[in-house]
**Q** 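Can you read through this structure? Questions will come right after.
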Amino acid sequence: MIFMIYKGENITRTHMCGELNAHDADKEASLMGWVQRRRDLGGVIFIDLRDRSGITQIVFDRKIDEEAFKLADKLRNEFVIAVRGKVKKRPLENVNQKLSTGEIELLVNKLIILNKSNTPPFSIEDDINVDESIRLKYRYIDLRRTHMQKNLIIRSKATKAIRDFLYDRGFLEIETPMLTRSTPEGARDYLVPSRLNPGEFYALPQSPQLFKQLLMVAGMEKYFQIARCFRDEDLRADRQPEFTQVDIEMSFVDVDEVISLNEEMIAYLFNNILDINVAIPFPRITYKKALEKYGTDKPDLRYGLELVNISDLVSKSDFKVFSSTIKKGGLIKGINAKGCASFSRREIDSLVELSKNFGAKGLAWISIEPDSSIKSPIQKFLTEEELYNIIGRMGGKPGDLLLFVADTAKITNFVLNQLRSELANKLNLVDDNKYNFVWVVEFPLLEFDEDQNRYVAIHHPFTSPMEEDIPLMDTEPLKVRAKAYDLVLNGVELGGGSIRIYYEELQKKMFNVLGISEEEAKEKFGFLLEAFKYGTPPHGGLAYGLDRIVMFLTGSENIRDVIAFPKTQHAACLLTKAPSKVDPKQLEELFIDIRDTKK
RNA sequence: GGCCCAGUAGUUCAGUUGGUUAGAACGCCGGCCUGUCACGCCGGAGGUCGAGGGUUCGAGUCCCUUCUGGGUCGCCA
């Protein structure tokens with residue numbers, strides 16, 4: 001096959017393949033792109049030519065141009081070509097309604113094959129059903145699909161909208177190092193050995209946290225960055241080892257200023273991309289309330305099914321499962337599954353099974369039949385009064401199914417949260433067109449880690465406690481609330497942040513509570529404590545998971561669909577085959593020996 | 001690290017109680033065809049059944065181990 005050298009040929013692209021329409025009829029036009037499909041009728045050859053913008057049908061006819069027609073016989077899927085010809089309005093009966101360019105076609109009088117192509121391993125169509133590992137191996141082909149192109153276009157538009165908004169509000173986009181130091185606390189770091197400093201390592205940033213605080217010390221006042229972050233933890237449908245944060249930090253602000261700026265930004269973004277009006281301000285719920293009503297700090301507010309605490313009603317019950325749970329300091333809470341008394345035994349059993357899978361010992365249920373009679377395996381353990389009170393508290397009406405978990409607060413909340421979301425799906429209560437934002441505020445500052453036998457920061461060690469709770473740090477650390485806030489959308493955490501500690505004494509106190517010794521604090525964070533001595537403004541900010549935001553904007557179920565070159569669950573890139581072994585010489589330069597990798 | 005799902009032609013799948021030469025559709029290759037747009041018609045090629053081991057006269061099918069991809073719990077300040 002003869003391939004033309006493009007240079008020296010005289011086709012210049014005049015239009016994109018999605019552009020031409022009836023108004024361009026009889027014009028001379030030149031297109032470039034990929035062969036989407038070929039329909040060879042013998043005397044005439046139709047090609048669907050595709051570029052990023054769309055598809056145009058081009059026609060090769062012996063009577064129009066013999067040479068182009070002969071060459072067109074060689075065309076196959078995904079060949080890259082340049083064509084020139086005349087735009088022809090199609091007769092009415094030949095109009096293709098499915099194409100934006102369906103009213104016209106291009107009668108080709110000049111064809112240049114710019115490149116041939118192997119037959120692709122799967123076809124470039126939107127509704128494909130191909131194993132994802134094949135898509136990832138040939139990601140450059142997968143990304144030719146309109147669906148994937150649309151996702152990346154939306155991602156690009158979203159970052160532009162965010163930049164536009166923040167530039168407009170006086171923010172500076174500042175880059176921070178990718179090679180930085182490993183810090184204790186938080187996720188596992190990705191480490192990078194240093195050739196010039198044998199035996200020492202950089203860490204890739206988990207987030208630009210410390211640098212953005214130092215930029216506040218530096219007087220930058222308003223900073224943002226679209227920052228790549230790295231965490232060496234296990235992957236999920238919405239988690240990748242490298243991901244992108246929209247990182248924001250401001251000086252001289254408190255919680256309300258950060259929240260209101262971000263509400264405006266999110267409203268601007270969703271309006272800009274999805275053309276929907278997002279009502280601001282967003283509702284706020286305290287962490288405590290969120291756990292009470294939903295059992296989670298990221299509640300989905302699109303539906304009800306709220307959790308109800310009945311602990312006080314059954315603390316003295318003869319039903320030991322309930323009363324002993326209370327004695328041990330646990331919780332008994334329930335959900336009223338409205339209208340679900342009609343569930344079959346099998347359906348109820350599957351809810352019980354689900355609860356057990358998530359750690360509950362069981363799931364108690366009370367079914368209020370349409371005739372107001374009660375069906376329940378625990379009825380015989382409860383007094384009439386207890387039953388009456390429980391049903392009353394739960395708002396139980398004929399036809400309702402009441403579900404209860406009795407366990408530690410942690411398990412009770414966790415299981416009922418899972419149950420709530422399962423029920424919502426089962427009952428079709430989840431509306432994909434709703435965007436229910438909520439700020440979760442007043443997170444606890446600390447939690448106790450049983451494994452390490454010490455307090456750890458829930459957010460991070462630089463989060464400021466609420467002023468009125470500072471005295472509690474010495475007496476009841478678990479009761480200290482933080483100036484921390486998360487933005488939650490439909491049960492997904494989009495981002496979170498806090499007002500930071502900005503003076504040395506408080507930061508030292510925080511390290512102290514965390515059991516980080518003065519020497520260790522000095523060794524790991526000495527530079528920050530030092531910086532705090534030089535006039536640090538009060539400051540705070542927030543960071544979003546950009547990938548998750550884009551998942552919402554594109555309606556993606558999977559984070560890999562909004563990342564051009566994502567990694568598999570084993571953190572591998574099937575395209576480049578990273579990670580890989582390296583040349584022993586490289587290891588030698590880095591003073592690294594590989595031990596036996598079999599455990 | 002635990003639990004669950006999947007792996008058969010380039011792709012998506014079927015494959016009976018373990019039994020002849022492992023099938024289909026799409027794609028691919030060749031031929032015919034001047035109005036197709038999922039073009040049509042005729043013909044053809046294409047398989048280490050993820051890998052290794054075991055049971056058996058005989059394994060795509062049963063058992064064990066392992067690899068890969070996915071979901072999830074732990075983990076992710």
Side-chain angles (χ1 to χ4, degrees), chain A residues 36-49 55-64 69 73 76-78 88 90-91 93-99 101-102 105 107 118-125 127-138 141 183-189 206-207 209-210 229-241 243 353-354 356-359 411 414-415 418 443-447 449 451-452 455-463 482 484 493 496-498 510 514 516 543 545 557-558 560 566-572 574 577 599:
Chain A
Q36 173 73 25
R37 204 183 297 278
R38 184 176 74 124
R39 290 178 294 279
D40 182 350
L41 274 65
V44 60
I45 298 170
F46 297 99
I47 300 270
D48 291 337
L49 188 66
I55 284 175
T56 299
Q57 172 166 281
I58 62 177
V59 186
F60 294 89
D61 191 323
R62 182 176 281 126
K63 285 183 294 196
I64 306 271
F69 177 80
D73 188 54
R76 293 293 181 273
N77 284 352
E78 299 310 306
K88 185 191 132 198
R90 300 200 204 180
E93 66 272 21
N94 282 343
V95 168
N96 185 343
Q97 308 282 3
K98 289 183 220 153
L99 290 182
T101 59
E105 59 196 7
L107 302 181
N118 285 353
T119 302
F122 52 89
S123 68
I124 321 286
E125 287 165 8
D127 295 321
I128 54 163
N129 174 22
V130 180
D131 195 278
E132 195 170 354
S133 58
I134 295 168
R135 291 175 50 204
L136 291 175
K137 182 176 175 188
Y138 299 96
I141 292 172
T183 53
E185 312 274 307
R188 291 187 194 92
D189 286 320
Q206 294 179 23
S207 82
Q209 183 60 36
L210 293 169
C229 302
F230 305 85
R231 294 179 188 177
D232 189 2
E233 296 293 345
D234 286 358
L235 288 79
R236 287 287 186 284
D238 63 352
R239 264 165 39 190
Q240 281 274 304
F243 61 101
E353 197 52 37
L354 179 97
K356 284 182 177 166
N357 287 343
F358 284 112
I411 291 179
F414 179 71
V415 171
Q418 300 289 349
F443 275 78
L445 185 69
L446 303 159
E447 66 184 337
D449 185 309
D451 295 339
Q452 301 180 57
Y455 294 105
V456 294
I458 285 197
H459 196 52
H460 56 55
F462 319 104
T463 297
E493 181 191 331
S498 63
M510 181 69 175
L514 293 174
I516 298 175
E557 301 267 296
N558 193 299
R560 294 182 297 278
K567 299 202 169 36
T568 67
Q569 200 160 74
H570 284 353
L574 297 182
K577 297 201 170 71
K599 302 138 222 168

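What's counted below: heavy atoms across the whole structure, side chains too, no hydrogens, waters or symmetry copies. Chain letters run A, B, ... following the sequence lines, proteins first and then strands; every chain starts at 1.
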**Q** Could you check which nucleotide pairs with rA14(B) in any of the strands shown, counting Watson-Crick or G-U wobble with both distances under 3.5 Å?
**A**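 The base-pairing partner of rA14(B), which may sit in any strand shown, does not exist here.
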**Q** Distance check: side-chain N/O of K98(A) vs OP1/OP2 of rA38(B), anything under 4.0 Å?
**A**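 Yes, such a contact exists.
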**Q** Kindly compute the distance separating CZ (R76(A)) from CZ (R38(A)), expressed to the nearest 0.5 Å.
**A**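 Result: 4.0 Å between the selected atoms.
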**Q** OP1 or OP2 of rG69(B) less than 4.0 angstrom from a side-chain nitrogen or oxygen of R560(A), does that happen here?
**A**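 No.
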**Q** Can you figure out which of rC75(B), rC37(B), rU12(B) approaches the side chain of R188(A) most closely?
**A**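 So the side chain of R188(A) is nearest to rC75(B).
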**Q** Can you say whether a donor on the side chain of R90(A) sits under 3.5 Å from an acceptor on the base of rC37(B), or the other way round?
**A**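 Side chain to base: pair found, below 3.5 Å.
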**Q** Heavy atoms only, 4.0 Å cut-off, all strands: where does K88(A) land among base, sugar-phosphate and nothing?
**A**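 K88(A): base contact, heavy atoms under 4.0 Å.
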**Q** Quick one: is N558(A) getting a side-chain N or O under 4.0 Å of the rG71(B) phosphate, OP1 or OP2?
**A**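 Checking rG71(B) against N558(A), a side-chain N or O does come within under 4.0 Å of OP1 or OP2.
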**Q** Quick one: is N357(A) getting a side-chain N or O under 4.0 Å of the rG2(B) phosphate, OP1 or OP2?
**A**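 Result: no.
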**Q** Can you work out whether I458(A) or R37(A) has the more 5'-proximal nearest nucleotide on RNA chain B?
**A**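 This one resolves to R37(A).
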**Q** If we take the P atom in both rU20(B) and rG60(B), what is their distance in whole Å?
**A**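 Roughly 10 Å separates the two P atoms.
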**Q** How would you label the contact of T183(A) with the nucleic acid (heavy atoms, under 4.0 Å): base, sugar-phosphate, or nothing?
**A**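 Nothing, no heavy atom under 4.0 Å.
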**Q** What interatomic distance, in whole Å, is found between P of rU16(B) and the corresponding atom of rG50(B)?
**A**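 One P to the other, the span is 14 Å.
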**Q** Under 4.0 Å between any heavy atoms, over every strand shown, what does E557(A) touch: base, sugar-phosphate, or nothing? Just pick one.
**A**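 No contact.
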**Q** Under a 3.5 Å cut-off for both distances, is rG47(B) Watson-Crick or wobble paired, and to whom?
**A**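 Looking at the geometry, rG47(B) pairs with no nucleotide.
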**Q** So which one's nearest nucleotide on RNA chain B is more toward 5', N77(A) or R62(A)?
**A**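 It is N77(A) whose nearest nucleotide is closer to the 5' end.
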**Q** Could you list the residues that satisfy ring pair (Phe, Tyr, Trp, His ring centres under 6.0 Å) with Y455(A), not counting sequence neighbours?
**A**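 F448(A).
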**Q** For rU68(B), does either OP1 or OP2 sit under 4.0 Å from a side-chain N or O belonging to S133(A)?
**A**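 Checking rU68(B) against S133(A), no side-chain N or O comes under 4.0 Å of OP1 or OP2.
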**Q** Atom CD of Q57(A) to atom P of rG35(B): distance rounded to whole Å?
**A**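 Q57(A) atom CD is separated from rG35(B) atom P by 13 Å.
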**Q** Starting from P on rU11(B), measure out to CD on E132(A) and report it in whole angstrom.
**A**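 Atom CD in E132(A) sits about 15 Å away from atom P in rU11(B).
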**Q** Without decimals, in angstroms, what is the distance between I134(A) CD1 and rC13(B) P?
**A**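 Taking atom P of rC13(B) as the reference, CD1 of I134(A) is at 10 Å.
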**Q** Would you measure the distance from the P atom in rG44(B) across to the matching atom in rC26(B) and give it in whole Å?
**A**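 After rounding to an integer number of Å, I get 15 Å for this pair.
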**Q** For R90(A) and N96(A), what are the C-alpha separation, side-chain angles and deciding distance, and is it a side-chain contact (heavy atoms from CB on, under 4.5 Å)?
**A** CA-CA 9 Å; R90(A) 300 200 204 180; N96(A) 185 343; 3.7 Å; yes
**Q** By the 4.0 Å heavy-atom rule, please label D131(A) as base, sugar-phosphate, or nothing.
**A**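 Contact class for D131(A): sugar-phosphate only.
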**Q** Over how many whole Å does the gap from L235(A) atom CG to rU68(B) atom C1' extend?
**A**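 After rounding, the reported distance stands at 15 Å.
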**Q** When we call it a touch if two heavy atoms are under 4.0 Å apart, what does V456(A) touch: a base, just sugar-phosphate, or nothing?
**A**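 The residue V456(A) makes no contact with any strand.
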**Q** Looking for any heavy atom pair under 4.0 Å, which part of the strands does N94(A) touch: base, sugar-phosphate only, or nothing?
**A**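 Base: the residue N94(A), judged by heavy atoms under 4.0 Å, touches a nucleobase.
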**Q** Using a 4.0 Å heavy-atom cut-off, does P461(A) contact any base of the nucleic acid, only the sugar-phosphate backbone, or nothing at all?
**A**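 Base: the residue P461(A), judged by heavy atoms under 4.0 Å, touches a nucleobase.
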**Q** So for R239(A) and rC75(B), does any side-chain atom that can act as donor or acceptor lie under 3.5 Å from a complementary atom in the base?
**A**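 By the distance-only test, yes, there is a pair.
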**Q** Measuring to OP1 and OP2 of rU36(B), would you say a side-chain N or O of R39(A) lies under 4.0 angstrom away?
**A**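 For rU36(B), OP1/OP2 do not have a side-chain N/O of R39(A) under 4.0 Å.
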**Q** Does any nucleotide pair with rU21(B) by Watson-Crick or G-U wobble geometry, both distances under 3.5 Å, and what is it?
**A**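 WC or wobble partner does not exist here.
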**Q** Nearest 0.5 Å, please: how far is CZ in F69(A) from NZ in K63(A)?
**A**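 The distance works out to 11.0 Å.
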**Q** With a 3.5 Å distance limit and no angle check, can you tell me whether Q240(A) reaches the backbone of K567(A) through a side-chain donor-acceptor pair?
**A**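 Yes; at least one donor-acceptor contact below 3.5 Å.
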**Q** Mark yes or no for a side-chain to base donor-acceptor pair under 3.5 Å between D234(A) and rG74(B), with no hydrogen or angle criteria applied.
**A**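 Between rG74(B) and D234(A), which were checked side chain against base, a qualifying N/O pair under 3.5 Å is present.
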**Q** If you measure from the C1' atom in rU72(B) to the same atom in rG10(B), how many Å do you get, rounded?
**A**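 It works out to 32 Å between them.
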**Q** Of all the choices, rU12(B), rG30(B), rG35(B), which nucleotide is nearest to the side chain of R76(A) once you look at every atom?
**A**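 The answer is rG30(B), which lies nearest to the side chain.
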**Q** Starting at CG of D40(A) and ending at C1' of rC39(B), how long is that distance when rounded to a whole Å?
**A**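 From D40(A) CG to rC39(B) C1': 10 Å.
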**Q** Can you tell me if the side-chain N/O atoms of R38(A) get under 4.0 Å from OP1 or OP2 in rA38(B)?
**A**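 No.
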**Q** Should the pair E132(A)-R560(A) be classified as a salt bridge under the 4.0 Å nitrogen-to-oxygen rule?
**A**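 Result for this pair is yes, salt bridge flagged.
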**Q** For rG71(B), does OP1 or OP2 lie under 4.0 Å from any side-chain N or O of Q569(A)?
**A**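 For rG71(B), OP1/OP2 do have a side-chain N/O of Q569(A) under 4.0 Å.
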**Q** Is rC3(B) paired to anything, Watson-Crick or G-U wobble with both distances less than 3.5 Å, and if yes, which nucleotide?
**A**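 For rC3(B), the partner nucleotide comes out as rG71(B), under the 3.5 Å rule.
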**Q** Less than 4.0 Å between a side-chain N and a carboxylate O, is that true for R39(A) and D48(A)?
**A**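 The answer is yes: the pair qualifies as a salt bridge.
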**Q** For I45(A), report the nucleic acid contact type (base, sugar-phosphate, nothing); a contact means any heavy atom under 4.0 Å.
**A**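 No contact.
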**Q** Using atom P of each nucleotide, how far apart are rC62(B) and rA6(B) to the nearest Å?
**A**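 Each nucleotide's P atom is 12 Å from the other's.
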**Q** Please name all residues satisfying side-chain hydrogen bond (donor to acceptor under 3.5 Å, both in side chains) with Q206(A), sequence neighbours left out, ordered by chain then number.
**A**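 Testing Q206(A) for side-chain hydrogen bond (donor to acceptor under 3.5 Å, both in side chains), a comparison that skips the adjacent residues, returns D189(A).
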**Q** Among rC28(B), rC37(B), rC73(B), find the nucleotide with the atom closest to the side chain of F358(A).
**A**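 For the F358(A) side chain, the nearest candidate turns out to be rC73(B).
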**Q** Is F46(A) stacked on the base of rU36(B), meaning ring centres closer than 5.5 Å and planes within 30 degrees of each other?
**A**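 Answer is yes, a stack.
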**Q** Rounded to the nearest Å, what distance is computed from the CD1 atom of residue I141(A) to the P atom of nucleotide rG27(B)?
**A**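 Atom CD1 in I141(A) sits about 17 Å away from atom P in rG27(B).
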**Q** Return yes if the base of rG74(B) and the side-chain atoms of E233(A) contain a donor-acceptor N/O pair under 3.5 Å, otherwise no.
**A**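 Between rG74(B) and E233(A), which were checked side chain against base, a qualifying N/O pair under 3.5 Å is absent.
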**Q** Take atom CG of D232(A) and atom P of rC75(B), then tell me their distance rounded to the nearest Å.
**A**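 Taking atom P of rC75(B) as the reference, CG of D232(A) is at 16 Å.
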